A.B. asks: 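Take a look at this one; I'll ask things after.
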Amino acid sequence: MTEQAQQPAVDADENKLIAQRREKLAALREAGVAFPNDFRRDALAADLLERYAEVDGEALEAQPVRVRLGGRLMSRRVMGKASFVHIQDMSGRIQLFVQRDQLGTDAYQAFKRDLDLGDILGVEGVLFRTRTGELSVKCDSVRLLTKSLRPLPEKFHGLTDMESRYRQRYLDLIMNATTRETFRVRTAIVQFIREYLNARGYLEVETPMMQVIPGGAVARPFITHHNALDMDLFLRIAPELFLKRLVVGGFEKVYEINRNFRNEGLSTRHNPEFTMLEFYQAYADYRDLMDLTEAMLRAMAERVLGRTTIDYQGASYDFGKPFARMTVREAILHFNPELGAADIDDLDAARRVAEGMGLAVKPGWGLGKVQIELFEHTAEHQLMDPTFITEYPTEVSPLARRNDANPFVTDRFEFFVGGRELANGFSELNDAEDQAERFRKQVEEKEAGDLEAMYYDADYVRALEHGMPPTAGEGIGIDRLVMLFTDAPSIRDVLLFPHMRPEGRGSAA
RNA sequence: GGGCCGUUAGCUCAGCUGGUAGAGCAGUGGACUCUUAAUCCAUUGGUCCUAGGUUCGAAUCCUAGACGGCCCA
């Protein structure tokens with residue numbers, strides 16, 4: 001692109017391996033086009049292995065199959081006048097057989113001398129089977145398409161250092177088939193969700209990532225700045241309030257799969273940016289969404305994994321049988337058999353129980369908040385099999401519709417597998433006056449020092465005042481779902497580029 | 001935020017009680033036309049994460065810091 005590209009700055013700490021490869025590249029530049037882009041392939045490795053799996057060597061000899069393949073040189077076994085190598089493309093690996101007698105003496109010498117592991121090749125030849133039966137390509141042409149300047153990790157152990165795998169994901173993808181598989185599953189899950197919802201009449205939409213009032217969740221936001229407007233904006237913590245505005249507008253079934261940003265610590269379960277599915281449906285309630293969630297996850301497992309049993313970190317979860325359903329109260333009592341209803345239905349009693357467990361109960365907490373702390377502390381992590389928990393206290397559900405029979409709780413559920421929350425859904429609060437009141441309460445909490453409490457969103461209240469049909473909505477954490485489906489212990493394993501602290505090389509900090 | 005563990009050649013790792021750094025792979029030179037962790041012979045390669053300290057002497061012991069992993073909040 002630029003003239004400077006011809007004169008690469010020599011890195012002082014660059015080692016000999018790289019220097020040798022740079023010399024080879026310099027010779028290529030000397031000889032002509034060093035980065036040709038006229039090669040076209042007509043096959044992929046894995047396709048060939050599959051298509052000719054049943055075809056034996058004699059048949060391949062009788063009816064030669066010519067192929068053109070592109071890929072990265074991953075292994076080399078060079079003998080005097082013939083070599084076996086493997087190249088890897090997006091589908092997989094295939095072996096090449098390169099002989100002096102096929103290529104010619106000069107070309108074979110160049111093949112042995114100039115190529116390094118990691119180089120990108122374009123090859124042409126015919127399929128055959130080796131004596132051990134491996135489908136391979138007998139090459140009559142091998143072209144170097146891109147010189148690799150850096151050596152690949154070791155061929156047997158590969159790249160195992162977690163930090164390197166996260167920071168240099170490209171290397172991880174080159175070296176580790178399981179990493180490639182994890183991200184294929186991730187894509188398959190997202191694709192499945194789109195197909196599933198599209199087929200049921202949901203409209204996919206995009207709503208603002210930069211918001212003036214961050215809403216729709218209880219979390220601290222990131223702040224950014226708009227120069228022309230000279231104002232701070234928040235990266236969204238949830239799309240919820242915008243999606244419900246769309247329901248007011250008449251898009252009665254909508255969904256969005258996109259990034260949310262929350263300004264909290266990093267851990268094996270938290271990345272500052274993460275992906276959520278949120279979907280909303282008018283003329284439905286939270287029970288309809290539980291049914292939908294159950295059916296969708298079951299179908300997803302069948303489609304993506306080919307089975308309904310999910311193995312995660314040594315445990316096994318059956319998505320084929322009906323999911324358990326339990327209320328928050330029931331869950332607390334179930335996992336604390338020494339407690340009775342009297343212990344958790346009265347604020348003072350519940351507070352004593354919580355403090356007895358070492359929980360720091362704050363003065364302003366009502367019974368609902370104390371109950372949910374008890375639930376999270378004693379029950380949540382024990383919800384192993386797929387389980388819906390319902391009847392969340394109104395106090396901790398500022399956007400959910402109150403239950404008609406018991407206004408202390410809302411028509412809300414959360415979904416758990418393996419002790420982790422995967423989804424959160426509820427019948428939406430469409431009473432504009434109730435919503436305004438709850439926003440006011442959140443603002444009070446914010447003023448009292450709760451950094452995660454919500455802002456008052458006057459336009460959202462105005463939208464509700466126009467009338468939102470009875471609606472149910474749900475959010476599903478895509479990253480956690482992918483972790484479950486790929487048996488990944490850390491969220492970083494399912495993010496292509498997880499957030500990492502800067503490397504801070506030497507004096508650069 | 002707290003605790004534990006880790007950081008040594010491009011990669012995967014040894015390095016004992018402090019004595020001045022090693023293997024395999026990769027690389028380089030040579031042999032080899034059915035190999036597949038190819039084989040055989042020879043061989044190059046180091047900011048031992050960083051900065052201090054202790055010591056005649058530090059990869060090793062001490063302190064602080066950086067980055068990462070795991071657990072906890």
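Residue numbering restarts at 1 for every chain, and letters A, B, ... go by the order of the sequence lines. Predicted model only: the values in this text are computed from it and were never measured.
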A.B. asks: When the C1' atoms of B:A26 and B:U20 are considered, how many whole Å apart are they?
C.D. replies: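 Pairwise C1' distance, B:A26 against B:U20, rounds to 27 Å.
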A.B. asks: Please determine, for B:C48, whether a Watson-Crick or G-U wobble partner exists with both distances under 3.5 Å, and give it or none.
C.D. replies: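 Its partner: none found.
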A.B. asks: Which part of the nucleic acid does A:Phe128 contact within heavy-atom distance under 4.0 Å: base, sugar-phosphate only, or nothing?
C.D. replies: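 Base, at least one base heavy atom under 4.0 Å.
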A.B. asks: If we take the C1' atom in both B:U7 and B:C11, what is their distance in whole Å?
C.D. replies: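 It comes out at 15 Å once rounded to the nearest Å.
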A.B. asks: Let me know, please, whether A:Gln95 or A:Ser267 comes out on the 5' side of the other along RNA chain B by nearest nucleotide.
C.D. replies: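 The residue whose closest nucleotide sits nearer the 5' end is A:Gln95.
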A.B. asks: By ring-ring contact (aromatic ring centres under 6.0 Å, His included), which residues pair with A:Phe416, not counting sequence neighbours?
C.D. replies: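 A:Phe416 satisfies ring-ring contact (aromatic ring centres under 6.0 Å, His included) with A:Phe375 once adjacent residues are dropped.
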A.B. asks: When the distance from CZ of A:Arg113 to P of B:G30 is rounded to whole Å, what number comes out?
C.D. replies: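 One finds 11 Å between P of B:G30 and CZ of A:Arg113, rounded.
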A.B. asks: Could you tell me whether A:Arg492 contacts a base, only the sugar-phosphate backbone, or nothing, with contacts defined as non-hydrogen atoms closer than 4.0 Å?
C.D. replies: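 If one applies the 4.0 Å heavy-atom cut-off, A:Arg492 turns out to touch the sugar-phosphate alone, with no base involved.
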A.B. asks: Which residues satisfy the ring-ring contact (aromatic ring centres under 6.0 Å, His included) test with A:Phe439, sequence neighbours excluded?
C.D. replies: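 If we apply the ring-ring contact (aromatic ring centres under 6.0 Å, His included) test to A:Phe439, skipping adjacent residues, the hits are A:Tyr456.
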A.B. asks: Can you tell me the base-pairing partner of B:A23? Count Watson-Crick or G-U wobble geometry only, both distances below 3.5 Å, and say none if there is no partner.
C.D. replies: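 The answer is B:U12, by the H-bond criterion.
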A.B. asks: Across the strands shown, which category fits A:Met175 at heavy-atom distances under 4.0 angstrom: base, sugar-phosphate, nothing?
C.D. replies: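 The residue A:Met175 makes no contact with any strand.
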A.B. asks: What is the separation between atom CD on A:Gln99 and atom P on B:U35, rounded to the nearest whole Å?
C.D. replies: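 To the nearest whole Å, that distance equals 13 Å.
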A.B. asks: CZ of A:Phe156 versus P of B:C13: gap in Å, rounded?
C.D. replies: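 Rounding to the nearest Å, CZ of A:Phe156 and P of B:C13 are 12 Å apart.
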A.B. asks: Applying side-chain contact (heavy atoms from CB on, under 4.5 Å), name anything that partners A:Ala488, two or more places apart in sequence or on another chain.
C.D. replies: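 So A:Ala488 forms a side-chain contact (heavy atoms from CB on, under 4.5 Å) with A:Met483, A:Thr486, A:Asp493, A:Val494.
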A.B. asks: Do the side chains of A:Ile389 and A:Val328 get nearer than 4.5 Å, heavy atoms only?
C.D. replies: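 A side-chain contact exists here, since the closest heavy-atom pair is under 4.5 Å.
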A.B. asks: In the strands shown, is B:C61 matched to any nucleotide by a Watson-Crick or G-U wobble pair with both distances under 3.5 Å, and which?
C.D. replies: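 Checking every strand shown, B:C61 finds its partner in B:G53, with both distances under 3.5 Å.
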A.B. asks: Say we look at B:C41 and B:C62: how far apart would their C1' atoms be, to the nearest angstrom?
C.D. replies: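 Approximately 48 Å lies between the C1' atom of B:C41 and that of B:C62.
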A.B. asks: Who is the Watson-Crick or G-U wobble partner of B:G1, with both distances under 3.5 Å?
C.D. replies: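 Base-paired to B:C72.
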A.B. asks: Using the side chain to side chain donor-acceptor pair (under 3.5 Å) rule, collect all pairs that involve residues 374-383 of chain A, keeping only residues at least two apart or in two chains.
C.D. replies: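 Listed by first then second residue: A:Asn336-A:Thr378.
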A.B. asks: Once you round it to whole Å, what is the distance between P of B:C70 and CD1 of A:Ile491?
C.D. replies: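 The answer, rounded to whole Å, is 12 Å.
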A.B. asks: OP1 or OP2 of B:A26 less than 4.0 angstrom from a side-chain nitrogen or oxygen of A:Lys155, does that happen here?
C.D. replies: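 Checking B:A26 against A:Lys155, a side-chain N or O does come within under 4.0 Å of OP1 or OP2.
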A.B. asks: If only side-chain N and O atoms of A:Arg501 are considered, is one of them under 4.0 Å from the OP1 or OP2 phosphate oxygen of B:G68?
C.D. replies: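 Yes, because at least one side-chain N or O of A:Arg501 sits under 4.0 Å from OP1 or OP2 of B:G68.
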A.B. asks: Flag the pair A:Thr146 / A:Asp119 as yes when at least one side-chain heavy-atom distance between them is below 4.5 Å, and no otherwise.
C.D. replies: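 With C-beta onward as the side chain, the pair stays apart.
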A.B. asks: Please list, by residue number, the residues of residues 51-64 of chain A whose heavy atoms come closer than 4.0 Å to an atom of RNA chain B; answer none if no residue qualifies.
C.D. replies: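 Of all residues in residues 51-64 of chain A, none places a heavy atom under 4.0 Å from RNA chain B.
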A.B. asks: Taking the C1' atom of each, how far is B:C4 from B:C40, in whole Å?
C.D. replies: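 47 Å, rounded to whole Å.
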A.B. asks: A:Lys24 side chain N/O closer than 4.0 Å to the phosphate oxygens (OP1, OP2) of B:G27?
C.D. replies: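 For A:Lys24, the contact criterion (side-chain N or O under 4.0 Å from OP1 or OP2 of B:G27) is not met.
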A.B. asks: To the nearest angstrom, how far is A:Tyr166 atom OH from B:G68 atom C1'?
C.D. replies: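 Roughly 10 Å, once rounded to whole Å.
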A.B. asks: Holding to side-chain contact (heavy atoms from CB on, under 4.5 Å), I want the full list of residues that pass it with A:Lys446, two or more places apart in sequence or in another chain.
C.D. replies: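 Per chain and number, A:Lys446 pairs via side-chain contact (heavy atoms from CB on, under 4.5 Å) with A:Ala453, A:Tyr455.
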A.B. asks: Could you run down nucleotides 5-12 of chain B 5' to 3' and tag each one B, S or - for protein heavy-atom contact under 4.0 Å?
C.D. replies: -----BBS
A.B. asks: Should B:U17 form a Watson-Crick or G-U wobble pair with both distances under 3.5 Å, which nucleotide is its partner?
C.D. replies: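 Partner of B:U17: none.
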A.B. asks: When both hydrogen-bonding distances must be under 3.5 Å and the geometry is Watson-Crick or G-U wobble, what is B:U35 paired with, if anything?
C.D. replies: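 WC or wobble partner does not exist here.
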A.B. asks: Taking the P atom in each of B:C5 and B:C25, what is the distance between them to the nearest angstrom?
C.D. replies: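 The same atom, P, in both gives a distance of 33 Å.
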A.B. asks: Please identify each residue that fulfils ring-ring contact (aromatic ring centres under 6.0 Å, His included) with A:Phe84, with sequence neighbours left out.
C.D. replies: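 A:Phe84: ring-ring contact (aromatic ring centres under 6.0 Å, His included) contacts with A:Phe97.
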A.B. asks: Round to a whole Å and report the spacing from CD of A:Glu134 to C1' of B:A38.
C.D. replies: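 Those two atoms, CD and C1', are 13 Å apart.
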A.B. asks: Listing request: all side chain to side chain donor-acceptor pair (under 3.5 Å) pairs with a residue in residues 350-369 of chain A, at least two apart in sequence or in separate chains.
C.D. replies: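 Every side chain to side chain donor-acceptor pair (under 3.5 Å) pair that includes a residue of residues 350-369 of chain A, provided the two are not neighbours, is A:Lys369-A:Glu373.
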A.B. asks: How many Å lie between CG on A:Leu117 and C1' on B:C25, as a whole number?
C.D. replies: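 Those two atoms, CG and C1', are 11 Å apart.
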A.B. asks: A:Thr387 side chain to A:Asp385 main-chain N or O, any donor-acceptor pair under 3.5 Å?
C.D. replies: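 Yes, the answer is positive, given that a donor and an acceptor are paired below the 3.5 Å cut-off.
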A.B. asks: Identify, with sequence neighbours excluded, every residue that meets ring-ring contact (aromatic ring centres under 6.0 Å, His included) alongside A:Phe426.
C.D. replies: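 Here no residue qualifies.
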A.B. asks: Heavy atoms only, 4.0 Å cut-off, all strands: where does A:Gln20 land among base, sugar-phosphate and nothing?
C.D. replies: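 Touches sugar-phosphate only.
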A.B. asks: Give a yes-or-no answer on whether the side chains of A:Asn176 and A:Thr178 include a donor-acceptor pair shorter than 3.5 Å.
C.D. replies: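 Side-chain D/A pair, A:Asn176 to A:Thr178: absent.
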A.B. asks: Using whole Å, what does the distance between atom P of nucleotide B:C71 and atom NE2 of A:His270 come to?
C.D. replies: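 It is 13 Å, rounded to the nearest whole Å.
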A.B. asks: If you look only at pairs with a residue in residues 51-75 of chain A, which of them pass as a ring pair (Phe, Tyr, Trp, His ring centres under 6.0 Å), with sequence neighbours excluded?
C.D. replies: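 Non-adjacent pairs meeting ring pair (Phe, Tyr, Trp, His ring centres under 6.0 Å): zero.
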A.B. asks: May I ask which nucleotide in the shown strands pairs with B:U7, Watson-Crick or G-U wobble, both distances under 3.5 Å?
C.D. replies: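 B:U7 is paired with B:A66.
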A.B. asks: Given side chains that start at C-beta, do those of A:Arg269 and A:Ile491 come closer than 4.5 Å, heavy atoms only?
C.D. replies: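 No - every pair of side-chain heavy atoms lies 4.5 Å or more apart.
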A.B. asks: Taking atom C1' in both B:A14 and B:G29, compute the distance separating them and give it to the nearest angstrom.
C.D. replies: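 Looking at atom C1' only, B:A14 and B:G29 are 28 Å apart.
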A.B. asks: Quantified in whole Å, what is the P atom distance between nucleotide B:U8 and nucleotide B:U47?
C.D. replies: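 The same atom, P, in both gives a distance of 12 Å.
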A.B. asks: What integer number of Å spans the C1' atoms of B:C49 and B:C34?
C.D. replies: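 To the nearest whole Å, 46 Å.
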A.B. asks: Give, ordered by number, those residues of residues 71-90 of chain A having at least one heavy-atom distance below 4.0 Å to an atom of RNA chain B; if nothing qualifies, reply none.
C.D. replies: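 Per residue number, the list reads A:Arg76, A:Arg77, A:Val78, A:Met79, A:Gly80, A:Lys81, A:Ala82, A:Phe84, A:His86.
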